Amino acid sequence: MPNETLEEARKRAGYTQQFMADKLGCSRPTYAAIEADPARATVLQAKTICSLLSKNYEYIFFGSNVNKTNV
């Protein structure tokens with residue numbers, strides 16, 4: 001789905017904010033802040049989120065379905 005938000009991806013996966021927060025080792029309000037503004041996530045958090053949601057990093061955090069980096 002093009003331009004899927006982090007919230008949409010999480011809901012599509014059937015996860016709650018609390019579940020995601022528990023997996024990231026943060027509070028639910030901290031996860032909610034990341035969901036509202038993905039730029040707040042650390043690289044490790046972002047990669048963990050993408051792994052949990054089975055989405056690639058660029059897709060969720062940059063809105064594109066890039067499978068390789070441009071050189």
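Note that the coordinates shown come from a computational prediction; the quantities given were computed from them, not determined experimentally.
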Undergrad: Starting at CD1 of Ile49, measure out to CG of Leu6 and round the result to the nearest 0.5 Å.
TA: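 With rounding to 0.5 Å, CD1 (Ile49) is 5.5 Å from CG (Leu6).
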
Undergrad: Where do Tyr57 and Cys50 come nearest, in terms of heavy atoms and distance?
TA: CA-SG, 3.5 Å

Undergrad: Using the side chain to side chain contact (heavy atoms under 4.5 Å, CB included) rule, take Glu4 and Arg12 through it: C-alpha gap first, then chi angles, then the decisive distance, then the call.
TA: CA-CA 10 Å; Glu4 184 175 37; Arg12 186 175 300 280; 3.0 Å; yes

Undergrad: Do any pairs count as a ring-ring contact (aromatic ring centres under 6.0 Å, His included) and have a residue in residues 18-52, sequence neighbours left out, and if so which ones?
TA: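 Residue pairs passing ring-ring contact (aromatic ring centres under 6.0 Å, His included), neighbours aside: Tyr15-Phe19.
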
Undergrad: Under 3.5 Å, side chain of Thr48 to main-chain N/O of Leu44, donor-acceptor pair present?
TA: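 Yes, the answer is positive, given that a donor and an acceptor are paired below the 3.5 Å cut-off.
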
Undergrad: To the nearest 0.5 angstrom, please state how far the OG1 atom of Thr16 sits from the CG atom of Asp22.
TA: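 The distance works out to 7.5 Å.
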
Undergrad: Measuring from Leu24:CG to Gln17:CD, what's the distance to the nearest 0.5 Å?
TA: 11.5 Å

Undergrad: For Arg28 and Gln18, run side chain to side chain donor-acceptor pair (under 3.5 Å): C-alpha distance rounded to whole Å, both residues' side-chain angles, the deciding distance at 0.1 Å, then the answer.
TA: CA-CA 5 Å; Arg28 193 211 50 79; Gln18 187 62 57; 5.0 Å; no

Undergrad: Check Lys11 with Glu7, please: is the shortest side-chain N to carboxylate O separation under 4.0 Å?
TA: yes

Undergrad: Quick check for you: to the nearest 0.5 Å, what is the distance between Glu35 atom CD and Glu8 atom CD?
TA: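 One finds 10.0 Å between CD of Glu35 and CD of Glu8.
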
Undergrad: I need the minimum non-hydrogen distance between Arg10 and Leu53, along with the two atoms involved.
TA: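 In this case the closest contact between Arg10 and Leu53 is CA-CD2, 3.7 Å.
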
